[in-house]
Amino acid sequence: MGHGTLVGCLDRDSDAPPMIAELLAVARKRLGMDVAWLARLVGEQLLIEHVEGDTAAVGVRPGFVRHHRDTICGRVLEHGHPHLIPDTRPEGYIPGCEAVAQIGVGCYAGTPIRLSDGSTYGLLGCGSSHPDPTRRARDTSFLALIAEVIAGCLWSPDRALLERELTWRRITSLIDSGGPDLAFQPIFETGEMAIVGLEALSRFPPGSGSAEKWFADATRVGLGVELELIAIRNAFQMLSVLPPAIALGVNASPSAIRSPALRDMIGCVPAERVFIEITEHEPIEDYGCFVAILETLRRTGVRIALDDVGSGYARMDHVLELHPDALKTDRLLVERIDTDPTRAALLSAFSHFARKTGTLLVAEGVETAAQLKRTIEGGADAAQGYYLAAPAPLARRAPARRSSEY
């Protein structure tokens with residue numbers, strides 16, 4: 001756990017509001033610790049917002065710190081209950097406590113802070129420079145009580161507005177700097193196992209949260225379509241370096257598909273090489289209008305794929321109403337297809353439907369040779385997954401053809 005500066009957030013005084021400072025002092029004194037701190041979860045990092053006590057004795061300062069699942073802080077947040085380490089020294093070793101020991105914490109107690117809407121705000125922690133074997137589990141009960149009171153102070157309209165502003169700034173900063181990085185995952189046809197296409201996948205800064213979270217956050221602050229479009233634009237720029245026979249798949253929500261900006265971008269690329277994969281981030285309210293937009297795109301040569309077929313997201317009305325050119329099965333369908341006859345039967349049913357309607361069937365999430373064998377036997381026209389090739393930046397990727405023998 002290394003200390004960092006407060007980067008990418010609103011400039012703010014490190015002093016806590018009076019009520020928060022008082023509660024931190026109560027927690028620290030009641031547990032007999034040197035310091036108490038309030039940390040907020042930001043993506044997969046912790047931002048230490050406020051510290052109260054003798055910071056000279058323990059190296060806890062306001063700013064970003066790394067947060068990993070295998071650390072004590074990570075376990076407190078993941079398991080959702082208080083944790084106490086009376087002695088972080090090697091002779092009192094507890095797995096995961098290395099990070100707090102490195103910053104001079106000899107005795108540690110922490111508890112998650114949950115807001116009234118059920119979300120996890122972050123962590124309330126206390127620490128002393130020296131181990132204290134007299135500490136007991138009941139001390140964390142008091143800490144959890146203080147955390148509940150702090151949660152009540154944190155959740156307010158002002159806090160919600162601040163969170164939205166921080167999110168808006170984070171998203172706009174990424175967009176202004178050129179958008180997310182991209183990785184491209186090959187799609188193999190299941191006959192000769194040759195690459196027939198690539199799917200462009202957005203990649204965000206390490207430790208900042210998943211792609212799904214970034215797009216969800218962007219949508220929440222009104223920047224969802226803008227973030228999608230810049231990712232698509234970046235993907236289209238790579239068409240010129242791909243062999244002419246290779247198709248490119250890009251993900252787009254219904255709102256992005258409705259955007260005139262997407263149609264303008266398609267007008268500048270060889271559209272017949274583009275698959276637009278419709279993501280299920282929002283409902284389609286008017287199928288008639290949306291199908292008309294898809295037909296306009298199809299007239300340029302673009303083909304339409306429906307993602308996550310077989311999950312609860314891609315409903316059958318999407319399949320029936322949108323008339324996709326390709327169906328991409330949900331990875332959970334393939335996950336145990338080699339051991340679960342029900343999944344194998346469902347893939348066969350999709351294959352029969354695809355043949356009858358002239359639709360390409362792509363099996364996503366192929367992780368093993370056995371899964372690949374079953375998807376081919378089940379009638380998939382193409383396959384995609386880590387067993388075949390992992391997503392990678394295009395310039396550094398040189399995937400080899402894989403043998404069709406098992």
Side-chain angles (χ1 to χ4, degrees), residues 171-189 194-205 210-212 214-216 218-219 222-282 290 292-308 322 324-328 360 362 364 382 384 389-399:
I171 302 295
T172 53
S173 176
L174 179 74
I175 291 172
D176 292 343
S177 66
D181 293 331
L182 294 175
F184 296 82
Q185 186 170 35
I187 300 170
F188 293 77
E189 59 88 18
I195 296 174
V196 293
L198 297 173
E199 181 183 359
L201 301 168
S202 295
R203 292 293 183 261
F204 295 89
S210 65
E212 290 78 8
W214 272 83
F215 283 110
T219 299
L223 296 172
V225 170
E226 189 173 352
L227 183 59
E228 287 185 69
L229 291 178
I230 196 168
I232 293 171
R233 184 204 67 185
N234 292 346
F236 282 172
Q237 290 175 348
M238 304 307 296
L239 273 167
S240 61
V241 303
L242 295 177
I246 300 298
L248 177 66
V250 294
N251 293 282
S253 68
S255 290
I257 290 171
R258 295 186 192 99
S259 170
L262 178 60
R263 295 194 288 275
D264 292 342
M265 284 193 288
I266 289 172
C268 300
V269 300
E272 68 280 359
R273 295 175 59 193
V274 173
F275 268 93
I276 295 179
E277 300 186 15
I278 302 175
T279 60
E280 185 66 11
H281 294 161
E282 61 187 74
F290 191 70
I293 293 172
L294 294 184
E295 290 306 314
T296 299
L297 293 175
R298 279 195 175 99
R299 284 194 289 271
T300 70
V302 164
R303 286 168 287 178
I304 304 299
L306 189 59
D307 210 4
D308 297 325
L322 301 183
D325 302 289
L327 298 175
K328 300 191 73 174
L360 182 72
V362 182
E364 281 196 283
Q384 177 181 0
L394 192 57
R396 288 181 284 162
R397 183 190 54 78

Discussion item. Hydrogens and angles aside, do N251 and E228 bring a side-chain donor and acceptor to less than 3.5 Å of each other?
Written reply: no
[X] side chain near [Y] side chain, heavy-atom distance below 4.5 Å:
X: I276; Y: L262; answer: yes
X: L242; Y: L394; answer: yes
X: I232; Y: M265; answer: yes
X: I304; Y: I257; answer: no
X: F236; Y: C268; answer: no

Worksheet item: Using the ring of each side chain (for Trp, its six-membered ring), is W214 parallel, tilted or perpendicular to F204, with breaks at 30° and 60°?
Response: parallel
Practice prompt. Find the distance between CE (M238) and CD1 (I246) and round it off to the nearest 0.5 Å.
Written response: 13.5 Å
Worksheet item: How many angstroms lie between OG in S253 and CZ in R258, if you round to the nearest 0.5 Å?
Response: 8.0 Å
Worksheet item: Hey, mind stepping through D307 and E364 against side chain to side chain contact (heavy atoms under 4.5 Å, CB included) and telling me if it holds?
Response: CA-CA 9 Å; D307 210 4; E364 281 196 283; 2.8 Å; yes
Discussion item. Under the side chain to side chain donor-acceptor pair (under 3.5 Å) definition, can you give me all pairs with a residue in residues 264-278, not counting sequence neighbours?
Written reply: E277-K328
Residue pair [X] / [Y]: nearest heavy atoms and the distance that separates them:
X: F188; Y: V196; result: C-CG2, 4.4 Å
X: A305; Y: F275; result: CB-CD2, 4.2 Å
X: R298; Y: L322; result: NH2-O, 3.5 Å
X: L239; Y: P270; result: CD1-CD, 4.3 Å
X: P186; Y: L198; result: CA-CD2, 3.5 Å
X: Q185; Y: P391; result: NE2-CD, 3.7 Å

Worksheet item: Could you go step by step and tell me if R263 and I293 meet the side chain to side chain contact (heavy atoms under 4.5 Å, CB included) rule?
Response: CA-CA 10 Å; R263 295 194 288 275; I293 293 172; 4.1 Å; yes
Worksheet entry | Steps toward side chain to side chain contact (heavy atoms under 4.5 Å, CB included) verdict (I278, L294) | CA-CA 10 Å; I278 302 175; L294 294 184; 4.2 Å; yes
Item to complete: Examine distances only and state if a side-chain atom of S259 and a backbone atom of S255 form a donor-acceptor pair shorter than 3.5 Å.
Response: no
Please set out all donor-acceptor pairs under 3.5 angstrom arising from side-chain atoms of residues 175-183, sequence neighbours excluded.
residue: S177; atom: OG; partner: S173; partner atom: O; Å: 3.2
residue: S177; atom: OG; partner: L174; partner atom: O; Å: 2.8

